[in-house]
Number of protein chains: 2
Amino acid sequence: MRLTRDQVLAGALGLLDEVGIDGLSMRRLASVLGVQNGATYWHFPSKQALLEAMAEAMLADLTLGLDERLPWYERISELAQRLRSALLAHRDGARIFSGVFVPLPNALAYGETMIGLLRGAGRSSRDAAWAVDTITYYVVGHTIEEQLAAGLPDGGRDAVARLTDALDPAHHPNMLAALDDIPVPHTEDHFAYGLGVIIAGLRSA
Amino acid sequence: MRLTRDQVLAGALGLLDEVGIDGLSMRRLASVLGVQNGATYWHFPSKQALLEAMAEAMLADLTLGLDERLPWYERISELAQRLRSALLAHRDGARIFSGVFVPLPNALAYGETMIGLLRGAGRSSRDAAWAVDTITYYVVGHTIEEQLAAGLPDGGRDAVARLTDALDPAHHPNMLAALDDIPVPHTEDHFAYGLGVIIAGLRSA
DNA sequence: ACCTGAACACCGTTCAAGT
DNA sequence: ACCTGAACACCGTTCAAGT
């Protein structure tokens with residue numbers, strides 16, 4: 001049975017979920033697919049091209065079926081949450097996405113919808129585009145962090161312990177007061193809080 | 001002349017500025033320092049430990065001498081801009097910082113000051129800590145992107161050309177309208193816009 | 001205490017040669 | 001058209017042995 005491009009892509013996404021982005025190598029992928037090292041290079045010219053296809057696959061259908069009865073800021077919020085969910089659907093999905101620098105069709109659809117919503121709300125094209133950047137940096141940064149903690153062997157418990165040890169009541173009274181308020185890994189409402197802040201800022205403009 | 005820990009660290013920061021984070025290898029660092037491969041491992045137990053020391057060095061004096069006469073939100077803004085500047089001071093500085101998961105003393109000082117400012121403004125410890133996360137994800141995400149474009153051979157011109165080619169008037173009217181408004185690499189006012197949105201959101205709460 | 005020399009176990013990528 | 005086999009030019013890390 002010959003390999004197809006789709007099989008290589010599906011194998012890569014499966015391997016990603018198993019071993020994470022740091023364990024994802026072209027050699028390991030070939031071994032999972034039961035072929036020799038060079039074989040995948042017939043289907044994808046480089047690892048980077050494969051990573052791009054993986055990111056594009058993750059973003060499928062991101063903008064479909066948005067409820068047009070919702071006010072613009074709720075549709076913005078919905079899209080941002082969909083982006084987070086799409087990236088969470090695969091281990092280290094946010095890092096895969098953030099490592100891609102070519103314009104992916106599905107990422108363009110996301111940007112187009114977002115900018116359109118803001119322009120529809122009366123923003124200039126400049127403000128609309130810059131606001132989308134603000135939202136997207138937040139979503140991606142938050143999700144990277146969330147997945148990093150989730151990918152640790154102990155789910156981040158050790159990281160919290162190290163932070164606790166590093167805090168000194170004399171120098172860090174405020175961080176100590178907030179220590180129990182920081183969920184590790186991050187949660188849905190931690191995400192929603194920051195998104196709400198950004199959208200409140202946009203509405204107040 | 002024997003090597004010191006500081007010489008290894010300074011050599012690593014210098015090499016980073018020359019070749020970027022993707023070109024920064026322990027072997028190349030040893031070669032720059034005029035020693036054999038294993039030599040740096042006497043001063044730093046691992047590459048990760050060296051990256052942590054590099055991040056810590058970049059954040060030196062971040063919170064010093066904040067003008068206490070400024071209102072809390074302007075001090076927040078000042079600190080966020082200082083973080084950006086500190087990361088911009090070395091090539092790929094934002095990616096170095098974002099790859100560190102241990103509590104760095106200088107990063108703790110940043111968090112402590114930020115949370116303290118927000119609690120001083122009447123926020124709960126939870127809201128204060130979560131708001132700092134929101135700001136910091138934005139700063140780091142923005143700066144990573146800025147440095148990625150700046151690190152490209154042509155300063156990002158080719159990336160813009162590829163984006164332009166990928167846009168289709170029928171599907172992306174809003175992105176096309178905004179195309180000339182997106183600075184590549186990102187600029188100071190592009191950064192300030194998003195920071196202003198977040199701070200406006202925080203003040204409106 | 002600090003470094004060398006050499007090895008181990010990996011990488012991404014290329015490409016003539018096979019089928 | 002699609003893959004193998006083998007190589008090239010790299011990695012991070014370890015560690016006995018040297019000074």
Side-chain angles (χ1 to χ4, degrees), chain A residues 1-56 91-92 95-102 148 151-153, chain B residues 1-56 91-92 95-102 148 151-153:
Chain A
M1 240 298 268
R2 278 163 132 86
L3 223 49
T4 66
R5 193 190 133 102
D6 275 359
Q7 282 170 358
V8 176
L9 178 54
L13 286 168
L15 182 57
L16 175 66
D17 287 336
E18 252 185 77
V19 302
I21 193 172
D22 292 327
L24 182 70
S25 76
M26 294 302 276
R27 299 169 102 96
R28 198 150 173 186
L29 174 58
S31 142
V32 162
L33 294 170
V35 293
Q36 296 299 313
N37 286 334
T40 55
Y41 284 85
W42 199 89
H43 300 278
F44 292 94
S46 65
K47 183 179 188 179
Q48 188 59 32
L50 176 58
L51 293 171
E52 287 157 9
M54 292 168 74
E56 173 69 359
R91 184 165 166 191
D92 293 332
R95 280 163 85 192
I96 298 279
F97 175 73
S98 74
V100 169
F101 315 115
V102 298
L148 278 172
L152 294 175
Chain B
M1 237 299 267
R2 279 167 134 82
L3 223 48
T4 65
R5 194 191 131 102
D6 275 358
Q7 283 170 357
V8 176
L9 178 55
L13 286 167
L15 182 57
L16 175 66
D17 287 336
E18 254 186 75
V19 301
I21 193 173
D22 293 328
L24 182 71
S25 76
M26 295 301 277
R27 289 164 178 277
R28 198 151 174 185
L29 174 58
S31 144
V32 162
L33 293 169
V35 293
Q36 296 299 311
N37 287 333
T40 56
Y41 283 86
W42 200 91
H43 300 278
F44 292 93
S46 65
K47 184 179 186 178
Q48 189 57 35
L50 175 57
L51 293 171
E52 287 156 9
M54 292 167 75
E56 173 70 359
R91 184 166 166 190
D92 293 331
R95 279 163 87 192
I96 298 279
F97 175 71
S98 74
V100 169
F101 314 116
V102 299
L148 279 172
L152 294 174

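The sequence lines fix the lettering, A, B, ..., with proteins before strands; numbering per chain opens at 1.
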Grab the N/O contacts between the protein and nucleotides 9-11 of chain D below 3.5 Å, and write none if there aren't any.
| unit_1 | atom_1 | unit_2 | atom_2 | d |
| --- | --- | --- | --- | --- |
| D:dC11 | OP1 | B:S25 | OG | 3.2 |
| D:dC11 | N4 | B:R27 | NH2 | 3.3 |

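Of all the residues in residues 11-21 of chain B, not one reaches under 4.0 Å from DNA chain C with any non-hydrogen atom.
Within the structure, every side-chain polar atom (N or O) of B:H43 is placed at least 4.0 Å from both OP1 and OP2 of C:dA1. Side-chain N/O atoms of A:Q36 include none lying less than 4.0 angstrom from OP1 or OP2 on D:dC3.
Only one option out of A:E56, A:Q48, A:E52 pairs with A:V102 in a side chain to side chain contact (heavy atoms under 4.5 Å, CB included); it is A:E52.
With C:dT4, C:dA1, D:dC2 as the choices, the nucleotide that has an atom nearest any side-chain atom of A:W42 turns out to be D:dC2.
Rounded to the nearest 0.5 angstrom, B:Q7 CD and B:T4 OG1 are separated by 3.5 Å.
Nearest heavy-atom pair across B:L50 and B:F44 is CD1-CE1, 3.7 Å. The nearest pair of heavy atoms linking B:A55 to B:F97 is CB-CA, 4.3 Å.
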Quiz item: If you write DNA chain D from 5' to 3' in dot-bracket form, with Watson-Crick or G-U pairs under 3.5 Å, [ ] for crossing pairs and | for pairs with another strand, what do you get?
Solution: ||.|||||...|||||.||
Self-check item: Footprint string (nucleotides 14-19 of chain D, 5' to 3'): B base within contact, S backbone only, - free, heavy atoms under 4.0 Å
Solution: B-----
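Among pairs with a residue in residues 2-21 of chain B, none fulfils salt bridge (Lys or Arg N to Asp or Glu O under 4.0 Å), at least two apart in sequence or across chains.
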For residues 21-43 of chain B, run the donor-acceptor check on the side chains, cut-off 3.5 Å, and write out each pair with its distance to 0.1 Å, sequence neighbours left out.
| unit_1 | atom_1 | unit_2 | atom_2 | d |
| --- | --- | --- | --- | --- |
| B:D22 | OD1 | B:R95 | NH2 | 3.4 |
| B:S25 | OG | B:R28 | N | 3.0 |
| B:H43 | NE2 | B:L3 | O | 3.4 |

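Distance, B:L33 CG to C:dC2 P: 15 Å, rounded to whole Å.
The separation of D:dA9 from C:dA9, taken at their P atoms, amounts to 23 Å, rounded to a whole angstrom.
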